[in-house]
Amino acid sequence: MDRLVVLGERQLSGSVEIGGAKNAVLPVIAATVLAPGRYRIKRVPDLRDTRTMMKLLSIIGAESTYENGEMEIDTANCRNPEAPYELVKTMRASFYVLGPLLSRFGHARVSLPGGCAWGPRPVDFHVSAMESLGAEISLDGGYVVAKAKRLKGNTISFDVPSVGATGNAVMAAVRAEGETVIKNAAREPEIVCLCEFLNKMGASISGMGTSKLSIEGVKELRSVDFEVIPDRIEAATMLIAGALAGKEITVIRVNPEHLGVVLDMLREAGNSVTVSGDSVTIKRENFTNPVSVRTAVYPGFPTDVQAQWMVLMTQADGTSAITDTIYHDRFTHVGELVRLGAKISLSGNTAKVTGRRKLLGAPVMSTDIRGSASLILAALVAKGRTEISRVYHIDRGYEGIEKKLKNLGAEIWREAE
């Protein structure tokens, strides 16, 4: 395994290009199973998770290649509608193939997921959505087995918006007989991206970006070329790096509309934030205001930025509170930040952060994707050397993060443990 080594207290400046969105490209790749043909997906980040999805497609029977940010996928010879435990346990997004497999083959066998260590995310919403469309669901040795001769449109109502379940339901419904209405649907840009991809394939989806999606089932879909949206979480991470250690940093090839609440919070924290076309520039001030946040479904503050924001608040002039209303136990990074000198106390799903802390380099350990990012951000402002182990987590969600930070002026490198 590799580790990242960071020598802190270096000033960052310059521009950094943001890659394609991990949370958008994974369901798009899964959706290629819906119709046999050759697809070309552009702006695909080179991540462990995208490589895992390629492996899963090969098990199903597809052929895929990846080069220079483009993935070509041929799903003509898919014959095996199964997602094995060995892959699903390493990446929960593998469960996205349930809807496409059921739609194309009339049956699917998909392992119940494992995934990130910081807490369970039940698949009940996924399963109930398939049942609403007429599928018969059973459990067999840790696998969800779904069967349906022909899915039929219906009304699906989620108790709370779920990105994964909304995506799976949409992919299952696009070829179902009749109309499907999804109420309390996720509004995230990644779901909009998936729907745009499906519509380009020939689906009929309306209401994108709202909490009510209407899908009129079609008989046939076709293969297409498509470009994935920019990764708003990577962009937010780099902007927070600028707020922590930057003189002036510009993130380019982004969609500023996807970053609305994060940009608002960065301004409230005392930073100068300027939007120009598809770029955002942040100028760090000599002080940081304490800003409390509560995570929420889109367009609220993203749970995937909670850990990074916590690092920024360790440098704020005062005390702040960070509450995660999405995943109540997503705080495994707290103990590692404390090792670096942060003063953070936990009560339930709220972290109280005391700012103006002088962080000191130390060995720390990654526990999940966004927690890993928070440790890198903390290391950038810590005095001395920080070694971050188990960086395979960061490789699941950030493409070449050490190279991008190095180009901005950070002293960071990767080495074998």
Side-chain angles (χ1 to χ4, degrees), residues 2 4 14-78 87 90-91 93-94 96-97 189-190 192-194 196-198 200-201 222-238 241 249-255 258 277-280 369 372-373 376 391-408 410 412-414:
D2 290 346
L4 288 177
S15 63
V16 56
E17 181 174 325
I18 301 304
K22 174 186 93 82
N23 291 335
V25 73
L26 297 178
V28 164
I29 294 173
T32 64
V33 173
L34 279 164
R38 297 183 68 88
Y39 299 80
R40 183 169 61 172
I41 312 300
K42 302 176 183 178
R43 205 174 182 181
V44 178
D46 190 2
L47 306 171
R48 286 175 65 100
D49 278 10
T50 50
R51 298 285 184 174
T52 298
M53 190 63 83
M54 290 176 69
K55 291 179 183 178
L56 178 54
L57 287 187
S58 69
I59 291 172
I60 294 170
E63 297 178 0
S64 60
T65 59
Y66 178 87
E67 186 175 4
N68 297 325
E70 289 193 7
M71 185 177 292
E72 292 192 4
I73 306 170
D74 186 346
T75 60
N77 295 317
C78 291
L87 281 182
T90 67
M91 186 184 72
S94 305
Y96 268 128
V97 298
E190 294 78 13
V192 175
C193 180
L194 172 63
E196 289 175 344
F197 175 64
L198 293 169
K200 192 172 184 181
M201 289 176 63
R222 61 182 178 275
S223 58
V224 295
D225 294 347
F226 187 75
E227 182 169 299
V228 176
I229 62 173
D231 195 315
R232 61 192 174 103
I233 307 302
E234 182 191 13
T237 302
M238 291 298 178
I249 287 180
T250 300
V251 293
I252 61 176
R253 292 195 70 195
V254 299
N255 187 333
H258 296 169
D278 66 349
S279 69
V280 179
I369 299 173
S372 302
I376 294 174
V391 294
Y392 59 84
H393 288 293
I394 203 78
D395 293 337
R396 288 186 53 208
Y398 291 86
E399 180 180 11
I401 189 171
E402 72 273 21
K403 295 177 183 177
K404 292 183 178 182
L405 288 172
K406 189 172 184 178
N407 288 338
L408 293 173
I412 178 174
W413 65 91
R414 181 181 295 247

Legend entry - Test: Lys404 and Glu17 ion pair at under 4.0 Å: no
Legend entry - Interatomic distance, Glu72 atom CD to Glu63 atom CD [nearest 0.5 angstrom]: 11.5 Å
Inset, instruction - Any chance you could measure Leu57, atom CG, to Met71, atom CE, to the nearest 0.5 Å? - result: 8.0 Å
Inset, instruction - Mark yes when over 12 heavy atoms from residues, nucleotides or ligands other than Lys403 sit less than 6.0 Å from its NZ; otherwise mark no. - result: no
Inset, instruction - List the atom of Pro45, the atom of Gly20, and the distance in Å for their closest heavy-atom pair. - result: CG-O, 3.3 Å
Legend entry - side-chain contact (heavy atoms from CB on, under 4.5 Å) between Thr50 and Tyr66, intermediate numbers included: CA-CA 10 Å; Thr50 50; Tyr66 178 87; 5.7 Å; no
Legend entry - Minimal non-hydrogen separation, Val224 against Lys200, with atom names: CG1-O, 3.4 Å
Legend entry - Closest heavy-atom pair and its distance - Ile249, Ala241: CD1-C, 4.5 Å
Legend entry - Contact summary for Val97 and Leu56, nearest pair of heavy atoms: CG1-CD2, 3.8 Å
Inset, instruction - May I ask you to test the Leu47-Met91 pair for a side-chain heavy-atom distance under 4.5 Å? - result: no
Inset, instruction - Write down the atom of Met53, the atom of Ala93, and the distance for their closest heavy-atom approach. - result: CE-O, 3.7 Å
Legend entry - Chi angles and distances behind the side-chain contact (heavy atoms from CB on, under 4.5 Å) call for Phe226, Met201: CA-CA 10 Å; Phe226 187 75; Met201 289 176 63; over 6 Å; no
Legend entry - Spacing of CD1 belonging to Ile394 relative to CD belonging to Glu402, to within rounding of 0.5 Å: 9.0 Å
Inset, instruction - Apply side-chain contact (heavy atoms from CB on, under 4.5 Å) to Ile401 and Met238, showing your working. - result: CA-CA 9 Å; Ile401 189 171; Met238 291 298 178; 4.0 Å; yes
Legend entry - Interatomic distance, Lys55 atom NZ to Thr90 atom OG1 [nearest 0.5 angstrom]: 8.0 Å
Inset, instruction - Step by step, work out the side-chain hydrogen bond (donor to acceptor under 3.5 Å, both in side chains) result for Thr237 and Tyr398. - result: CA-CA 10 Å; Thr237 302; Tyr398 291 86; 2.8 Å; yes
Inset, instruction - Using a 4.5 Å cut-off on heavy atoms from C-beta on, say whether the side chain of Arg51 contacts that of Asp46. - result: yes
Inset, instruction - First locate atom OG1 of Thr250, then atom CG of Leu408, and finally report the distance between them rounded to the nearest 0.5 Å. - result: 9.5 Å
Legend entry - Closest non-hydrogen atom pair between Val254 and Ala235, with its separation: CG1-CB, 4.0 Å
Would you list the atom pairs, donor with acceptor, under 3.5 Å between side chains in residues 24-40 and any protein atom, with sequence neighbours excluded?
{"unit_1": "Thr32", "atom_1": "OG1", "unit_2": "Ile29", "atom_2": "O", "d": "2.6"}
{"unit_1": "Arg38", "atom_1": "NH1", "unit_2": "Asp74", "atom_2": "OD2", "d": "3.2"}
{"unit_1": "Tyr39", "atom_1": "OH", "unit_2": "Thr32", "atom_2": "O", "d": "3.3"}
{"unit_1": "Tyr39", "atom_1": "OH", "unit_2": "Ala35", "atom_2": "O", "d": "2.7"}
{"unit_1": "Arg40", "atom_1": "NH2", "unit_2": "Asp225", "atom_2": "OD2", "d": "3.3"}

Inset, instruction - State which residues pass salt bridge (charged side-chain N to carboxylate O under 4.0 Å, His left out) with Glu227; sequence neighbours excluded, sorted by chain then number. - result: Arg253
Legend entry - Side-chain heavy atoms of Asn255 within contact of Ile229, under 4.5 Å: no
Inset, instruction - Flag the pair Ile369 / Lys22 as yes when at least one side-chain heavy-atom distance between them is below 4.5 Å, and no otherwise. - result: yes
